[in-house]
Amino acid sequence: MSRTALVVGGGFAGLEAAIHLRKAGLDVILVSDRPYLWIYPTSIWVVTGEREFEDVCLDLADVARRHQFTFREGRVESVSAARRAVVVDGEELVADHLVLAIGGTPLKPKGVEHTFGLSGEPENASRLHDALEALVAHGGGRIAMGFGGNPKDPSAVRGGPVFEVMFNVVHMLRRRGIREKFQLAFFAPMPSPGERMGKKAVAAIQKMLGEMGVEMRFGKKIDGFLKGGTVLFEDGSLLPSDLTVFVPAQGGHPAYAASDLPRNEAGFVQIDPGCAVPGFPGVWAVGDSAALDGPPWRAKQGHLAEVMARVAATNIVAEVSGRPERESYLPHVSITCLMDMGNGAAYVHRDETKEQMIPLPVVGHWMKKGWGAYFKASKRKQIPRLPGM
Ligand SMILES: Cc1cc2nc3c(=O)[nH]c(=O)nc-3n(C[C@H](O)[C@H](O)[C@H](O)COP(=O)(O)OP(=O)(O)OC[C@H]3O[C@@H](n4cnc5c(N)ncnc54)[C@H](O)[C@@H]3O)c2cc1C
């Protein structure tokens, strides 16, 4: 099979697509604007100092060598779906199949520069770590953490990691014996944040926050942030804070906005169940880049990004081989995560048939850390892939 595939974006979705397309015999180029894949799920421990920045990076050139595809570091400036082409640092690249996987982009509410993020730039995790340590050195203060919504596409809300960071920070402060020196608050515009994970998960999260002495400000629309981090709500009320962590919901990537790609209201690329972009043969979109279909509680996640990448790769191979059958990502839409708490975790799963939340004290934390090690080693081909992981 001597067809070419150009995959743009070296995150969960892009790397998985590149690996599978190469394995099937295509000539693959992966383009990404960072030399590494940033493993967002384990970046939460950079904040608390349990992991170094480098621990959360997977070197893409190294992985490309091991899987025998080409990695090129560069920034996608524009996309032409009609010509299956992208412009990377001024040069146009074209292929038989173009896989779009450059993720989304965090929305920018007023004053967001006065907050610390967890999504987007990897350096955000280190900045937050340094700010947290500075507050600890100061002797205490007020910490507020929260996330925002996107009414145009609720699947692009990113709340889970904020709960994880709050739980981990509480654990860290307790371990250091300084918990009582901090006032903690959690805020979100929805009345029941986290409800996409299911009723059991929401109830358990709120119970834990209450037991940890975290004030909850839910159901108030966020108007913006003031210098220093104080949160301003639409009703005029304030949540004073010395350090504010805020993870906005995502919108579509700006490179798509200026393209001929079909997009939903929030700017994500429209796809069919096989991850193909309708009306543009040979163009595919996977992971956070794509407009997800499915149940109302669907959410953009790393595991789903990998499933979509495998579905797209399978369908590309079928198309190149002249076979008519196509796979769909829709039966795989689920929410699955190990929500870490610093000293344990909870396994959360939701699909069309069930909602589960299984507490895993102590062992859950080590399982999530183990997953991080597995992710790196398996992508480097140092250990075999486990089915479905
Ligand atoms: C803190 C945090 C914790 C999370 N924890 C979990 C979890 O526990 N479980 C889970 O399933 N999901 C988790 N998620 C969600 C998960 O990380 C995302 O759904 C996943 O990263 C999506 O993968 P992606 O490849 O589509 O996009 P991304 O991971 O965003 O990758 C996009 C890639 O494209 C590159 N790129 C961007 N713009 C350009 C450009 N113009 N040119 C070239 N390259 C570009 C970026 O550098 C990046 O490498 C978490 C997210 C965050 C923020």
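When a ligand or atom number is given, it counts from 1 through the structure's own listing order.
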Quiz item: Which of the atoms of ligand 1 are close to H253, meaning less than 4.0 Å from one of its heavy atoms?
Solution: 37 (C), 38 (N), 39 (C), 41 (N)
Quiz item: Just which atoms of ligand 1 are under 4.0 Å from any heavy atom in G287?
Solution: 26 (O)
Quiz item: atom 12 (N) of ligand 1: protein heavy atom closer than 4.0 Å?
Solution: yes
Self-check item: Residue pair T105 / H253, side-chain donor-acceptor N/O under 3.5 Å
Solution: no
Quiz item: Is V8 near ligand 1, meaning one of its heavy atoms is under 4.0 Å from it?
Solution: no
Self-check item: Residue, atom name and distance, where the atom is the protein heavy atom closest to atom 31 (O) of ligand 1
Solution: G11 CA, 3.4 Å
Exercise. Answer yes or no on whether K23 is positioned over the face of F69, meaning its NZ or CZ is under 6.0 Å from the six-membered ring centre and within 45° of the axis.
Key: no
Exercise. Any atoms of ligand 1 less than 4.0 Å from a non-hydrogen atom of H303? List them with their elements.
Key: 11 (O)
Exercise. Run the contact test for G10 against ligand 1 with a 4.0 Å cut-off on heavy atoms, strictly below, and give the result.
Key: yes
Quiz item: Any chance the rings of F246 and F225 have centres within less than 6.0 Å?
Solution: yes
Exercise. Count the heavy atoms of every other residue, nucleotide or ligand shown that sit under 6.0 Å from CZ of R83, and state whether that count exceeds 12.
Key: no
Exercise. Work out whether the distance between some heavy atom of G74 and some atom of ligand 1 is less than 4.0 Å.
Key: yes
Practice problem: Run the numbers for me: atoms of ligand 1, each under 4.0 Å from some heavy atom of A101, listed by number. | Solution: 32 (C), 33 (C), 34 (O)
Quiz item: Should we say atom CD of E52 is surrounded by more than 12 heavy atoms from elsewhere, each under 6.0 Å from it?
Solution: no
Quiz item: Has the side chain of S155 got a donor or acceptor atom that lies under 3.5 Å from a matching backbone atom of A299?
Solution: no
Self-check item: Heavy-atom nearest neighbour in the protein, as seen from atom 48 (C) of ligand 1, with distance rounded to 0.1 Å
Solution: R34 NH2, 3.7 Å
Quiz item: Heavy-atom distance to atom 52 (C) of ligand 1: which of Y36, W38, F12, Y40 wins?
Solution: Y40
Quiz item: Which residues pass the salt bridge (Lys or Arg N to Asp or Glu O under 4.0 Å) test with E50, sequence neighbours left out?
Solution: K369
Exercise. Heavy-atom contacts with G302 under 4.0 Å: which atoms of ligand 1 show up? List them by number with element.
Key: 10 (C), 11 (O), 12 (N), 15 (C), 16 (C), 18 (C), 19 (O), 20 (C)
Quiz item: Do Q250 and N150 have side-chain N/O donor and acceptor atoms under 3.5 Å apart?
Solution: no
Quiz item: Considering the options T48, N343, D340, which one meets the side chain to side chain donor-acceptor pair (under 3.5 Å) requirement together with N168?
Solution: D340
Quiz prompt | Any K368 heavy atom less than 4.0 Å to ligand 1 | solution = yes
Quiz item: Which atoms from ligand 1 have a heavy atom of S32 less than 4.0 Å away?
Solution: 35 (C), 43 (C), 44 (N), 47 (O), 49 (O)
Exercise. For S119, counting its heavy atoms only, list the atoms of ligand 1 lying under 4.0 Å from any of them.
Key: 53 (C)
Quiz item: Any idea which protein heavy atom is nearest atom 47 (O) of ligand 1, and the distance to it?
Solution: D33 OD1, 2.5 Å
Exercise. Could you tell me whether the side chains of S119 and Y40 share a donor-acceptor contact shorter than 3.5 Å?
Key: no
Self-check item: Within reach of ligand 1, part of P161 (heavy-atom separation under 4.0 Å)
Solution: side chain
